[in-house]
Amino acid sequence: MKGGSLAAGPDWAISDRRGIQRVFDPADAVEKSRASKLRRGEDVADFLHARWLMRHLIQQRRPQMETPVLQSYDDARPELPRAPDVALSWSKSGPVAAAALSGGGIVGIDIERVIARDTGAVLTMTASGTEAAAVASAGNETAQLAAFYRLWTAKEAVLKCRGEGLRGGAKSVEIPLAFIHGRADTITIHDRGVSLALSVIDAGPDAVCTLAFSAQK
């Protein structure tokens, strides 16, 4: 596990559960119920690991807080009922998870494992023509895949800031070409009247992680 803080921005953490020698148990009845609906043991472990990472980050930064209760809904901003001033977000992609925490404003984080795939169909549904062309022009297959995941994680992070998730419409989020091509790892965009900072977080060679945040709510 590794983590850090962005200048004037959120704290973050990234973890791969395969490197952690522990069992991840549900923290409350809601987690237990949601985990019970997952069929594969690995899916259960991934689900619980991501939520464990979020709680771990909260307790690191706010040690005075009791075991945090994570309140989350589909496609909505998660909340800490005991600390409504805190903005938080977490994400998982298989055994890899990321979490972010801010003392105010809004925050969204997304992590994706880099897996070779045909990106055409996904781009048709989620990207503008300009964004799709940017991925296609990124270079060889490896470079195109990297550009695709930078675009995808950035859109996901922004949608999480909105509190809408994918239902908010990935095409409605515009990501600058410099960010997609990797010429800028930190950039500011304006989304629905809110100024958002986008930052790529180093998740190692096998994953891409993007963090979006703003002091505005």
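Keep in mind the model is a prediction, meaning the values are calculated, not measured.
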query = What pairs with Arg113 under salt bridge (Lys or Arg N to Asp or Glu O under 4.0 Å), at least two apart in sequence or on another chain?
reply = none
query = How would you list, by chain and number, every residue that makes a salt bridge (Lys or Arg N to Asp or Glu O under 4.0 Å) with Lys92, sequence neighbours excluded?
reply = none
Could [X] and [Y] be called an ion pair, given the rule that one side-chain N must be under 4.0 Å from one carboxylate O?
| X | Y | value |
| --- | --- | --- |
| Glu131 | Lys155 | yes |
| Asp85 | Arg62 | yes |
| Asp25 | Lys32 | no |

ask   = Just checking, any donor-acceptor pair under 3.5 angstrom between side chains of Ser102 and Arg61?
value = no
task = Would you check, one step at a time, whether the test side chain to side chain donor-acceptor pair (under 3.5 Å) holds for Asp110 with Thr210?
result = CA-CA 6 Å; Asp110 189 62; Thr210 299; over 6 Å; no
key: Residue of the set Glu31, Arg51, Arg77 for which side chain to side chain donor-acceptor pair (under 3.5 Å) holds with Ser72   = Arg51
Kindly work out whether a path of hydrophobic side-chain contacts (I/L/V/M/F/W/Y, heavy atoms less than 4.5 Å apart) joins [X] to [Y].
| X | Y | result |
| --- | --- | --- |
| Phe47 | Val69 | no |
| Ile20 | Ile14 | no |
| Leu145 | Ile115 | yes |
| Val173 | Val135 | yes |
| Leu198 | Val208 | yes |

ask   = Is there side-chain contact between Arg162 and Ile106, with at least one heavy-atom pair below 4.5 Å?
value = no
Any donor-acceptor N/O pair, [X] side chain to [Y] backbone, under 3.5 Å:
| X | Y | result |
| --- | --- | --- |
| Ser33 | Val30 | no |
| Asn140 | Ala143 | yes |
| Ser91 | Ile111 | yes |

request  = Specify the closest pair of heavy atoms between Cys161 and Phe213, including all atoms of both residues, with the distance to one decimal.
outcome  = SG-N, 4.3 Å
ask   = Considering all heavy atoms of both residues, which atom of Leu57 and which atom of Asp11 are nearest to each other, and what is their separation?
value = CD2-O, 3.8 Å
